[in-house]
Number of protein chains: 2
Amino acid sequence: MEEIIELLEQNKLAELKEILINENPIDIADVFEDFPKEKYLIIFKLLPKDFSSEVFSYLSPEKQQEVIENITDDEIKFIVEDMYLDDTVDFIEEMPANIVDKILKNTSTDKRKLINQILKYPENSAGSVMTVEYVSFKDNYTVKQAIEYYRKVAIDKEETDICFVTDTKKKLVGIISLKTLILSKDDSYIQDEMDTNFVSVLTLDDQEEIAALFRKYDLTTMPVVDHEDRLVGVITVDDIVDVIDQENTEDIQKNGCDESIR
Amino acid sequence: MEEIIELLEQNKLAELKEILINENPIDIADVFEDFPKEKYLIIFKLLPKDFSSEVFSYLSPEKQQEVIENITDDEIKFIVEDMYLDDTVDFIEEMPANIVDKILKNTSTDKRKLINQILKYPENSAGSVMTVEYVSFKDNYTVKQAIEYYRKVAIDKEETDICFVTDTKKKLVGIISLKTLILSKDDSYIQDEMDTNFVSVLTLDDQEEIAALFRKYDLTTMPVVDHEDRLVGVITVDDIVDVIDQENTEDIQKNGCDESIR
């Protein structure tokens with residue numbers, strides 16, 4: 001960090017950039033928290049675009065707001081399009097109305113539709129925690145077709161070890177891990193390789209119940225379905241770890257005196 | 001569950017087996033907890049072997065001990081060889097000495113060596129929580145070679161979304177996700193596709209510090225290295241969720257009265 005300040009003060013920006021892009025975006029977001037606005041904004045604008053949107057998604061809401069207020073509409077556009085959808089929703093939920101307007105104005109119609117769809121779910125429900133950026137295959141794909149399809153679409157999707165399988169009515173009928181996909185023969189069918197014994201939740205299910213299922217079944221990803229069993233989203237374990245922490249904090253506060261020492 | 005009891009009492013074992021193999025092993029282990037010994041042992045022996053070893057790994061230590069006392073040496077052999085190594089170690093740690101002897105006697109030399117290696121790490125250290133069943137590639141592999149290698153070895157490894165990359169001195173030099181592996185060109189090199197900006201821990205690091213890193217960096221897997229940076233094991237997020245729960249319970253107990261209501 002001292003190194004960063006020093007390079008910044010000596011205006012050695014190329015050197016500074018070189019150092020930063022080899023760091024973890026989460027660590028850079030951490031450093032920004034302790035920096036005054038004029039300093040971290042220079043650094044933020046210095047970063048490659050896709051890297052800066054990653055840093056952005058890890059900033060505190062206060063810093064995020066400051067950034068949005070100090071960058072161009074084009075830069076906002078890039079950040080919103082590049083961020084994972086669930087991170088975008090988390091961030092929008094924390095922003096005041098004028099900033100939300102500024103963000104939505106600079107968002108593509110498709111993405112805005114998805115954002116609004118997730119924003120309408122009640123707080124702490126599966127729908128509000130899920131992401132819609134997952135990969136799903138049709139059950140009549142061969143493994144070869146599935147891998148080709150994955151190569152086409154996965155780049156913009158969340159990094160998960162599980163893909164989902166739906167039938168012609170979009171009903172979730174199975175899950176398949178990337179491991180199974182790689183280990184299966186090219187000409188076998190997804191419906192023969194997939195796991196039909198999976199756990200799913202409904203959009204309005206409570207996140208604490210979902211956390212309990214993650215624990216019980218040692219899951220990394222959980223499909224979210226509607227009342228017709230159609231796949232509508234996916235919850236990943238990193239978001240559930242946050243829920244578990246929240247939940248435990250609430251328990252500590254709730255339990256109070258009599259319950260806390262046993 | 002009533003259905004299971006009924007089929008068992010009517011001695012309709014083929015039908016019972018058919019139902020059970022479509023259930024999640026974790027749910028069957030749950031059902032066993034409420035069943036008397038004579039009932040669940042019949043069911044246990046009815047299950048296909050690889051399925052029964054999965055059910056076994058989710059039983060409580062009491063039930064596990066009962067099972068070990070009531071099955072043949074050959075059946076013990078199969079279970080120990082088929083279970084994931086970290087689950088085997090967890091289970092051995094809970095068993096009385098005579099049962100441990102019985103288990104180790106029925107374990108292959110290779111597996112016994114690995115078990116003893118993990119058992120010697122202090123409780124709550126990275127070494128005691130890690131598994132050694134991961135996939136690692138040499139950094140000079142092409143993507144094609146890596147996928148061929150993965151197909152050969154991954155079947156017995158833990159299901160993770162990350163593989164590890166080591167140099168000729170077994171030093172951990174990078175990580176690569178299955179996603180990146182599938183998306184990369186066949187003839188590109190692993191060292192050009194891997195992520196060199198990863199977080200790792202040492203074998204003696206404390207599991208609570210490790211849980212904090214999982215939270216901070218949203219990880220699903222964490223490599224464990226020795227003092228020469230050589231890869232020796234991997235910790236998966238499901239084990240860390242258990243640590244977080246334990247930790248929070250301890251905090252509730254420790255904090256006591258003054259701290260608990262704020």
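What's counted below: heavy atoms across the whole structure, side chains too, no hydrogens, waters or symmetry copies. If you're wondering where the values come from, they're calculated on a predicted model, not measured in any experiment. Throughout, protein chains are lettered first and strands after them, A, B, ... in sequence-line order, and every chain is numbered starting at 1.
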### Message
Is it the case that over 12 heavy atoms from other parts of the model lie below 6.0 angstrom from the NZ atom of A:K216?
### Response
yes
### Query
B:Y150 vs B:F137 aromatic rings, parallel, tilted or perpendicular, using cut-offs 30° and 60°?
tilted
### Query
Does any heavy atom of chain B fall under 4.5 Å from the side chain of A:N24, the backbone, both, or neither of them?
both
### Message
Report which part of A:I155 has an atom under 4.5 Å of a heavy atom belonging to chain B: side chain, backbone, both, or neither.
### Response
both
### Query
Any idea which of A:V199, A:V237, A:D27, A:D242 has the most non-hydrogen atom pairs under 4.5 angstrom with chain B?
A:D27
### Message
Out of B:L178, B:T236, B:D195, return the one with the most heavy atom pairs under 4.5 angstrom to chain A.
### Response
B:L178
## Note on the structure
Comparing A:I26, A:T196, A:D238 against chain B, the one with the most heavy-atom pairs below 4.5 Å turns out to be A:I26
### Residues, nucleotides or ligands: over 12 heavy atoms within 6.0 Å of B:Y84 OH
yes
### Query
CD of A:E18: more than 12 outside heavy atoms within 6.0 angstrom?
no
### Per-residue contact mode, A:E158 against chain B (heavy atom under 4.5 angstrom)
backbone
### chain A contacts, top residue of B:D161, B:L183, B:L219 (heavy-atom pairs, under 4.5 Å)
B:L183
### Message
What part of A:Y58 gets within 4.5 angstrom of chain B, counting heavy atoms only: side chain, backbone, both, or neither?
### Response
side chain
### Message
For A:T220, which atoms come within 4.5 Å of any heavy atom of chain B: side chain, backbone, both, or neither?
### Response
side chain
### Summary
Comparing A:I244, A:D218, A:D239 against chain B, the one with the most heavy-atom pairs below 4.5 Å turns out to be A:D218
### Message
Within a 6.0 Å radius of atom NZ on B:K185, are there more than 12 heavy atoms belonging to other residues, nucleotides or ligands?
### Response
no
### Max heavy-atom pair count under 4.5 Å with chain A, selected residue of B:E159, B:K157, B:E23
B:E159
### Message
Does B:K138, at its NZ atom, have more than 12 non-hydrogen atoms belonging to other residues, nucleotides or ligands within less than 6.0 Å?
### Response
yes
### Task
Assess whether atom OH of B:Y189 is packed by more than 12 heavy atoms of other residues, nucleotides or ligands within 6.0 Å.
no
### Message
Whether the side chain of A:Q64 engages the backbone of A:F56 through a donor-acceptor N/O pair (distance < 3.5 Å, no angle test) should be reported.
### Response
yes
